[in-house]
Number of protein chains: 2
Amino acid sequence: MISFDNFKAEGRSPVYLQIISFVKRGVAAGSIVDGDELPSRRMLSALLGINPNTVQKAFAQLEREGLIWSGTGAKSYMTISPKRLELLREELLRDDVMLLISSLKQSGISREEALELISSNWDREEEEDPEGEEL
Amino acid sequence: MISFDNFKAEGRSPVYLQIISFVKRGVAAGSIVDGDELPSRRMLSALLGINPNTVQKAFAQLEREGLIWSGTGAKSYMTISPKRLELLREELLRDDVMLLISSLKQSGISREEALELISSNWDREEEEDPEGEEL
DNA sequence: TCAACTGTATTATTGCACTAATACGCTTTT
DNA sequence: AAAAGCGTATTAGTGCAATAATACAGTTGA
């Protein structure tokens with residue numbers, strides 16, 4: 001059974017997209033594998049404190065993308081081919097990296113400065129300050 | 001006069017937040033300096049193809065944060081103290097880097113792999129595929 | 001069998017980002 | 001002074017994310 005214990009909705013992105021992203025990252029990281037059973041829509045919505053329809057929206061899209069198998073009345077399972085896994089990894093990493101590079105470039109720093117920033121901040125603890133930008 | 005030629009709204013973030021971010025990044029990068037004149041709400045909205053109220057919402061928040069001076073009937077100008085500039089730089093860079101690190105860690109890759117990814121993708125050209133994740 | 005679950009579907013409502021159309025009063029320019 | 005441009009404010013409407021309350025049909029386990 002796939003665990004959503006580490007899932008925490010945050011940021012401005014719609015929750016259903018965050019669920020999709022959480023599952024995909026789990027797949028890419030190997031913590032979610034082919035054949036894994038998913039929690040039911042109702043169970044997960046209760047666990048996350050959100051509406052069942054929001055979970056359904058996420059799962060439905062994952063099913064449309066071929067990562068989930070669902071049937072009326074039956075439990076849902078992950079269906080991940082090796083090729084699909086490889087593509088997923090590439091997509092996620094590429095998106096992350098390009099997003100950062102785009103931001104850093106806009107801030108006018110060099111590649112070397114960027115590398116130093118990543119390296120020195122890697123083991124930094126997560127802090128609060130969820131929104132920020134005031135004053 | 002501050003140029004918004006390189007501004008392009010994209011992603012799921014509200015447009016007014018993207019405008020705020022664009023201005024702040026310009027300040028951090030040095031392309032926007034203290035005393036610079038801002039385009040009028042109407043001009044900019046026409047240029048960006050968005051509603052004047054959306055620009056106003058962005059400028060109003062920047063004024064609340066003390067980065068912009070506005071007066072009824074008058075043009076608007078940037079007001080950036082050296083200290084404010086320094087704080088802004090730190091904030092933006094920190095946010096960018098922590099965002100990426102959080103994502104990459106979730107994808108289960110190491111610090112060394114992360115550094116290699118940044119380095120090898122730095123000079124990569126921006127591509128299309130704005131949404132993605134299909135199939 | 002039958003109760004308890006499952007996925008799926010429908011309709012209504014709320015909140016927010018954004019658009020749209022004005023209006024008012026001030027500043028600047030001629 | 002007068003026109004043009006400015007910041008500011010108000011009101012209304014749209015689209016989407018999310019909530020809420022059901023309902024129905026299929027699967028599963030006691």
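In the text below, chain A, chain B and the rest are named by the order of the sequence lines, each starting its count at 1.
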Please check the phosphate of [N] (OP1 and OP2 only) for any side-chain N or O of [X] closer than 4.0 Å.
X	N	result
B:Arg41	D:dC6	no
A:Ser40	C:dT6	yes
B:Ser76	D:dC6	no

Gap between atoms [atom1] and [atom2], on [X] and [N] respectively (whole Å):
X	N	atom1	atom2	result
A:Lys57	D:dA18	NZ	C1'	8 Å
A:Arg64	C:dG7	CZ	P	16 Å
A:Gln18	D:dA18	CD	C1'	13 Å
A:Tyr77	C:dT6	OH	C1'	11 Å
B:Glu37	D:dG5	CD	P	15 Å
B:Gln61	C:dA17	CD	P	10 Å
B:Gln56	C:dA17	CD	P	15 Å
A:Asn51	C:dT8	CG	P	16 Å

Presence of salt bridge, A:Glu65 and A:Lys24, under 4.0 angstrom: yes
B:Val55 reachable from B:Tyr77 in the ILVMFWY side-chain graph, under 4.5 Å edges: no
Polar pair under 3.5 Å, donor/acceptor by atom type, side chain B:Arg42, base D:dG7: yes
Aromatic plane relationship, B:Phe22 with B:Phe7 - under 30° parallel, 30 to 60° tilted, over 60° perpendicular: perpendicular
Of the candidate nucleotides [options], which contains the atom at the shortest distance from the side chain of [X]?
X	options	value
B:Arg12	D:dA17, D:dT19, C:dT27	D:dA17
A:Val15	D:dA18, D:dA25, D:dG7	D:dA18
B:Ile50	D:dA17, D:dT19, C:dT19	C:dT19
B:Thr72	C:dT8, D:dT8, C:dT6	D:dT8
B:Thr54	C:dG25, C:dT19, C:dG7	C:dT19
A:Pro14	D:dA20, C:dT8, D:dA18	D:dA18
B:Tyr16	D:dC6, D:dT27, C:dC18	C:dC18

Pair B:Ser31-B:Arg25, side-chain donor/acceptor within less than 3.5 Å: no
Donor-acceptor pair between B:Glu113 and B:Ser110 side chains, under 3.5 angstrom: yes
Nearest-nucleotide 5' precedence on DNA chain C, A:Phe59 against A:Asn53: A:Phe59
5'-most by nearest nucleotide on DNA chain D - A:Gly49 or B:Met43: B:Met43
Of A:Leu17 and A:Lys75, the one whose closest DNA chain D nucleotide lies more 5': A:Leu17
Sugar-phosphate only, base, or nothing, as touched by A:Glu63 at under 4.0 Å among non-hydrogen atoms: sugar-phosphate
Sub-4.5 Å side-chain heavy-atom contact between B:Ser76 and B:Glu37: no
